[in-house]
**Student:** 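Sharing a structure with you now.
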Amino acid sequence: MYAQMVKTDGTGVKDRAEMSADEQAFQDRIDRGEKIEPKDWMPDNYRRTLIRQIGQHAHSEIVGQLPEGNWITRAPTLERKAILLAKVQDEAGHGLYLYGAAETLGVTRDALTEDLLAGRMKYSSIFNYPTLNWADMGAVGWLVDGAAIINQVALQRTSYGPYARAMVRICKEESFHARQGFHIMMKMARGTKEQKAMAQDALNRLWYPVLMMFGPSDKDSVHTAQSMAWKIKMDTNDELRQKFVDQTVQQIEYLGLELPDPNTKWNDETGQYDYSDPDWTEFFDVIKGNGPCNVDRLAARNKAWDDGKWVRDGLMAHAAKKTAAKLAAE
Amino acid sequence: MDKDLFQYLLRLGDNTLVLGHRVSEWCGHAPVLEEDIALANTALDLIGQTQLWLGLAAEVEGAGRDADKLAMLRDIWGFRNLLLVELPNGDFGRTLMRQFLFDAWQVINLGRLMKSSDPRVAEIAAKASKEAAYHVERSADTVVGLGDGTAESHARMQAALEYLWPYVGEMFVGDDVDAALVAAGVVPDPASLREEYDAFVGRIFATATLEMPESRFTHKGGKNGAFHTEHLGHMLCSMQWLQRAYPGASW
Amino acid sequence: MKNEWPLWEVFIRGQHGLSHRHFGSLHAPDAEMAIKNARDVYTRRNEGVSIWVVEAVNVSASSPEDKGAFYEPSNSKVYRHPTFFDIPDEVGSM
Ligand SMILES: [Fe+2]
Ligand SMILES: [Fe+2]
Ligand SMILES: [Fe+2]
């Protein structure tokens with residue numbers, strides 16, 4: 001997902017017997033469905049895990065601007081340009097809300113940003129794939145945002161109040177993202193021969209990378225149990241992935257496109273679709289920095305940050321001068 | 001008269017089209033998230049204005065084109081924007097200085113166009129002027145903040161102003177198109193806006209501790225189509241690519 | 001050198017709202033810019049008509065219970081709203 005493989009310190013859930021009184025009371029609050037707020041007591045692990053998770057989620061939104069930003073200047077109509085720009089702008093907003101949520105835990109946005117830029121923090125693997133034709137703008141909104149929505153809708157119920165509130169706001173905006181994407185796909189799938197080819201190409205290229213968004217298969221996810229007990233992860237990776245496949249297959253069929261995975265088949269026994277696993281070796285390569293765009297993405301973010309330093313410093317210096325002048329006048 | 005109005009509407013629509021496009025290039029690359037979002041808002045407003053101005057232009061032309069056809073299927077000689085707005089973004093300071101120089105003119109011009117004898121023009125101007133009023137407030141603030149910030153930001157803003165200033169005068173150069181429409185009460189005389197403009201930008205530059213260049217020399221050719229900078233052609237290459245490569249497709 | 005813009009808490013009153021509500025936070029060099037940034041960040045869908053900002057360090061808090069954001073329909077940027085896009089029922093929820 002946008003926060004993949006977030007480490008919790010230690011493995012597995014802490015047993016109730018090992019918990020301190022504070023920890024027990026904390027877990028009870030979560031079990032009762034209460035929200036944890038910034039000034040409430042919380043275990044250090046919970047705080048650290050959340051900072052990593054929300055930070056990674058925020059970084060994903062920001063780096064996620066780049067693959068779609070890649071097409072803003074090439075959008076085919078004025079309306080498409082406006083829609084795409086508004087969409088990518090929303091993602092900047094999502095990053096901003098999420099950094100804000102992380103900041104309530106005692107980190108600063110700049111510190112998180114520097115961790116991202118130095119490669120100390122991750123962002124979602126999906127944004128290390130390129131956008132190569134216009135239908136990618138459809139496929140990304142439809143599939144990437146669609147996958148994110150499945151996760152984020154659940155996270156609206158997460159235990160940490162500021163994170164849950166950010167998710168509520170984000171989910172309201174995400175529906176626009178998925179729908180504008182699908183709308184592009186409909187146009188392309190029913191358009192000229194070339195447009196249809198673009199749509200199929202985008203779908204084929206993005207299918208497995210999107211499945212990877214949900215993270216490694218449950219049997220390889222060591223951090224899930226504790227995060228689920230804390231309600232900062234609401235469903236397992238495989239549950240979410242299955243949900244995504246089930247809802248997307250009928251949409252692919254509706255578009256009249258071919259299924260990218262020939263092994264996708266309805267299974268009467270399980271009542272869901274069977275599908276092929278993505279290539280997990282590729283996934284771990286991308287996570288390690290070896291995806292097709294990792295280097296370019298980080299370089300672009302570093303450049304924006306470095307080039308912007310004089311601007312941030314300049315505006316801050318001016319504000320300080322104004323404050324000083326005001327104080328002197330009083 | 002319709003021919004003149006068509007030309008004038010292209011000028012308005014191409015200004016916002018080209019500047020909106022330039023500003024949209026920042027998306028994902030601005031110095032700080034808040035500025036990234038603000039720049040996108042500006043670009044979105046400008047694209048929206050483009051749809052209105054070029055939409056009306058197409059209607060006035062009556063040749064079966066629409067705003068998209070005008071934006072995506074004219075070649076460089078058909079463009080009527082000010083040279084100022086097609087100049088590359090440069091650093092953030094130059095982008096904001098260009099924005100301010102344009103906004104300051106735009107807000108005055110739209111104010112006059114709101115009183116146009118053509119109600120269609122007046123209506124679009126009324127809508128656009130609300131957006132322009134916010135744009136100029138924001139770009140002026142940023143010019144002041146960076147001009148009066150650090151030594152580096154000051155130097156960069158002064159350099160941006162000096163680079164862009166020779167493109168300012170084109171806003172105030174009138175021609176036959178203007179003259180015909182001025183006579184009909186449709187648009188203001190471009191030259192008549194200069195005094196107010198200079199007074200306003202002069203005030204902002206003083207607060208920003210920036211020195212307003214004295215020269216009145218101006219590059220021109222954009223708004224009458226005589227010639228553009230080399231930069232515009234590259235912009236059109238990306239902006240129009242899909243429509244050119246796949247003619248007749250619907251997107 | 002660390003020179004981070006201060007953090008501001010943003011409160012917005014909607015068109016039909018009676019009072020300001022906490023919407024979120026953002027960074028800005030000073031109060032004036034914080035208000036402008038709030039306008040650009042938090043009212044993209046016509047959410048508000050009045051904005052307050054308070055520097056976060058000046059907020060003293062118990063444990064607030066915020067019921068979350070609400071939205072007013074936007075007039076001129078209809079495409080931001082999912083219903084702008086006609087998606088056939090057969091497609092399922094989106
Ligand atoms: Fe997002
Ligand atoms: Fe997203
Ligand atoms: Fe999104």
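Proteins get letters first, then strands, A, B, ... in listed order; numbering begins at 1 in each.
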**Student:** Checking heavy atoms, do the side chain of B:Glu35, its backbone, both or neither come under 4.5 Å from chain C?
**Tutor:**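 For B:Glu35, the contact with chain C is made by the side chain alone.
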
**Student:** Do other residues, nucleotides or ligands put more than 12 heavy atoms under 6.0 Å from the CD atom of B:Glu59?
**Tutor:**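 Yes, because the 6.0 Å sphere around CD of B:Glu59 holds more than 12 heavy atoms from other groups.
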
**Student:** Would you indicate whether the side-chain heavy atoms of C:His27 and B:Val32 approach each other to under 4.5 Å?
**Tutor:**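 No - every pair of side-chain heavy atoms lies 4.5 Å or more apart.
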
**Student:** Sort by residue number and list every member of residues 7-25 of chain B having a non-hydrogen atom under 4.5 Å from chain C.
**Tutor:**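 The residues closer than 4.5 Å to chain C amount to none at all.
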
**Student:** Any idea which heavy atoms bring C:Asp40 and B:Ile37 closest together, and the distance?
**Tutor:**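 Between these two residues, the closest heavy atoms are O-CG2, 3.3 Å.
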
**Student:** If you count the non-hydrogen atoms of other residues, nucleotides and ligands that lie under 6.0 Å from CH2 in B:Trp251, is the total more than 12?
**Tutor:**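 Buried by this count: over 12 neighbours within 6.0 Å.
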
**Student:** Counting heavy atoms not belonging to B:Glu123, are there more than 12 under 6.0 Å from its CD?
**Tutor:**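 12 or below, so no.
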
**Student:** Within this structure, what is the CZ-CG distance for the pair C:Arg44 and B:Leu44, rounded to the nearest 0.5 Å?
**Tutor:**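 Those atoms lie 9.5 Å apart.
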
**Student:** Would C:Lys36 and B:Glu34 satisfy salt bridge (charged side-chain N to carboxylate O under 4.0 Å, His left out), going step by step from the backbone distance to the final call?
**Tutor:** CA-CA 9 Å; C:Lys36 290 204 168 72; B:Glu34 285 81 357; over 6 Å; no

